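For the numbers below, each heavy atom of this structure counts, side chains included, while hydrogens, waters and symmetry mates do not. First listed ligand is number 1; within each ligand, the first listed atom is number 1. This chain uses plain numbering: 1 for the first residue, then up along the sequence. Remember, predicted model here, so these are calculated numbers, not experimental data.
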Amino acid sequence: MAAGSAQEGTAQRGPSAYRLGEAARAGGHRLHVHDRLGSTNTEALERARAGEAGPLWVVTRSQEAGRGRRGNAWASLPGNLAASVLWPVPRVAPEHLAELGFVAGLALVGAIEAACGTLPDWDGADPARSVRLKWPNDVLLGHGKLAGLLLEAETLPGGRRAVVIGFGVNVAAAPEGLPAKPQPTCLAAMGYAGGAETLLEHLSDHLAAQARAWDGGRNFSLVRARWLARAAGLGSEIAVTSGGQILRGLFETIDEGGRLVILGPDDSRRIVTAGEVHFGTAATAA
Ligand SMILES: Nc1ncnc2c1ncn2[C@@H]1O[C@H](COP(=O)(O)OP(=O)(O)OP(=O)(O)O)[C@@H](O)[C@H]1O
Ligand SMILES: O=C(O)CCCC[C@@H]1SC[C@@H]2NC(=O)N[C@@H]21
């Protein structure tokens, strides 16, 4: 059993209890809330190994060993959202699985906007308050990193696939002193005081809706169009570090497989499957 206590459904009484949104609950999503966990992604994968099919949300008030992409650590400060969902993919072709990262990114942007929509000056006109998606799986607020997504898949005994989408959102506080670029930022810096609980409610509903639109990959073109409409840095200079190489050019688009398309100075196109994007051209190879 994982650290901390798990409660099914609406955990804890009172105004700040974690709960799922109405649409998510109507769609059969369930919620496990922990006080303390190593990693919600790890716990969700454990649940899958134990036979859970999902959709199952795992959330923790304190995450002690949060994981980021490419082996990075994820800092989860008190009051921030650390949540993962075990997503059922029985009828999803393997080549469509990674698209869930885009579906989830859109859901998170929608949830942030729904949660923050009533804040003064939150109308998208101010670039410092604009919420954008950064390829492949980050959410930016202005120039800062507001959230990161971690998609993990595993084939279980018997051939069943488990897919977990992890959401780390800096709601109340942003970690200081990290060497990371972009620098972390948080919703509280923009005046948001609604709590991680409200955000989870919106997120679960928005994920249900975006996943329905995606339709197991049959409608990725719609997801792609929605994603591009919220993309950071589209049409501008980027440098991408990928496999020890740096590719520079204009961020032209993402293709129908969700890969990054870079337009080089000689009008050549480079397609990137995995890498780290830096806006502007200042990037050094890792
Ligand atoms: N709560 C947080 N908010 C924002 N950024 C965070 C948070 N916790 C960890 N990070 C940073 O996010 C980064 C992980 O995200 P990402 O995969 O984009 O790597 P990165 O920024 O390119 O890091 P590196 O250059 O070291 O590989 C790490 O550098 C980590 O320091
Ligand atoms: O930007 C990244 O590198 C992705 C960060 C993902 C962090 C979240 S927090 C909830 C879930 N549990 C984890 O251990 N990681 C993800």
Side-chain angles (χ1 to χ4, degrees), residues 2-4 6 18 20 31-49 52 54-87 98 100-109 111-112 131-141 143-154 162-175 178-187 195-197 199-200 203-204 207 232 240-242 260 274-279 286:
Y18 273 113
L20 298 179
L31 171 66
H32 284 184
V33 180
H34 295 254
D35 288 331
R36 189 161 69 81
L37 267 185
S39 152
T40 54
N41 262 41
T42 303
E43 173 64 13
L45 285 168
E46 279 292 335
R47 295 292 102 225
R49 291 182 205 117
E52 280 282 357
L56 173 70
W57 288 85
V58 175
V59 62
T60 187
R61 293 184 185 282
S62 168
Q63 180 171 252
E64 292 162 354
R67 295 188 279 110
R69 293 195 310 280
R70 300 181 300 126
N72 285 314
W74 180 259
S76 301
L77 300 186
N80 288 352
L81 181 66
S84 300
V85 61
L86 171 65
W87 197 256
L100 264 173
F102 299 94
V103 174
L106 279 173
L108 183 52
V109 167
I112 292 165
V131 182
R132 295 261 149 202
L133 289 156
K134 180 179 175 225
W135 187 91
N137 284 144
D138 288 347
V139 177
L140 303 181
L141 174 64
H143 294 295
K145 180 162 169 170
L146 179 65
L149 272 67
L150 180 64
L151 197 66
E152 294 184 302
E154 190 174 300
V163 174
V164 167
I165 311 161
F167 300 86
V169 188
N170 300 323
V171 177
L178 289 180
K181 272 190 189 168
Q183 277 289 298
T185 187
C186 64
L187 288 177
E197 295 85 353
L199 190 60
L200 179 74
L203 177 59
S204 55
L207 185 62
V240 183
T241 50
S242 177
L260 186 76
E276 199 59 35
V277 173
H278 306 263
F279 296 123

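Within the set K145, Q63, R67, the minimum heavy-atom distance to atom 1 (O) of ligand 2 is found for K145.
Every atom of ligand 2 with a heavy atom of G66 under 4.0 Å away is listed here by number and element: 14 (O). Listed by atom number, the atoms of ligand 2 under 4.0 Å from G68 heavy atoms are 2 (C), 3 (O), 4 (C), 5 (C). Ligand 2 places these atoms under 4.0 Å from at least one heavy atom of R69: 1 (O), 2 (C), 3 (O), 4 (C). Contact atoms of ligand 2 toward L149: 4 (C) (distance under 4.0 Å to a heavy atom of the residue). Atom numbering of ligand 2 starts at 1 in the shown order; those under 4.0 Å from a heavy atom of D138 are 1 (O). Against a heavy-atom cut-off of under 4.0 Å, A83 is close to the following atoms of ligand 2: 10 (C). Interface of F167 with ligand 2, defined as ligand atoms under 4.0 Å from a residue heavy atom, comprises 8 (C), 9 (S), 10 (C). If you number the atoms of ligand 2 from 1 as listed, the ones under 4.0 Å from a heavy atom of T40 come out as 10 (C), 11 (C), 12 (N).
When heavy-atom distances to ligand 2 are checked against a 4.0 Å cut-off, R70 has no atom that comes that close, whether in backbone or side chain.
Ligand 2 is never approached by N72 to a heavy-atom distance shorter than 4.0 Å.
Within the model, atoms NE2 of H32 and CG of L37 stand 11.5 Å from one another, a figure rounded to the nearest 0.5 Å. To the nearest 0.5 angstrom, H34 atom NE2 is 9.0 Å from T40 atom OG1. Within the model, atoms CH2 of W57 and CH2 of W87 stand 7.5 Å from one another, a figure rounded to the nearest 0.5 Å.
Taking any N or O of S76, backbone or side chain, none lies under 3.5 Å from an N or O belonging to ligand 2. Polar contact with ligand 2: absent for W74 (N/O pair, distance under 3.5 Å).
Contacts of S242 classified as side-chain hydrogen bond (donor to acceptor under 3.5 Å, both in side chains), with partners at least two apart in sequence or in another chain: none. Residues meeting the side-chain hydrogen bond (donor to acceptor under 3.5 Å, both in side chains) test with T60, sequence neighbours left out: none.
With hydrogens and angles ignored, the 3.5 Å screen pairs no side-chain donor or acceptor of K145 with any backbone N or O of K181. Between the N80 side chain and the A172 main chain, a donor and an acceptor come within less than 3.5 Å of each other. Not a single donor-acceptor pair under 3.5 Å links the side chain of T185 to the backbone N or O of G144.
Ion pairing of R61 with E197 is present here, as a side-chain N (NZ or NE/NH1/NH2) and a carboxylate O approach within less than 4.0 Å.
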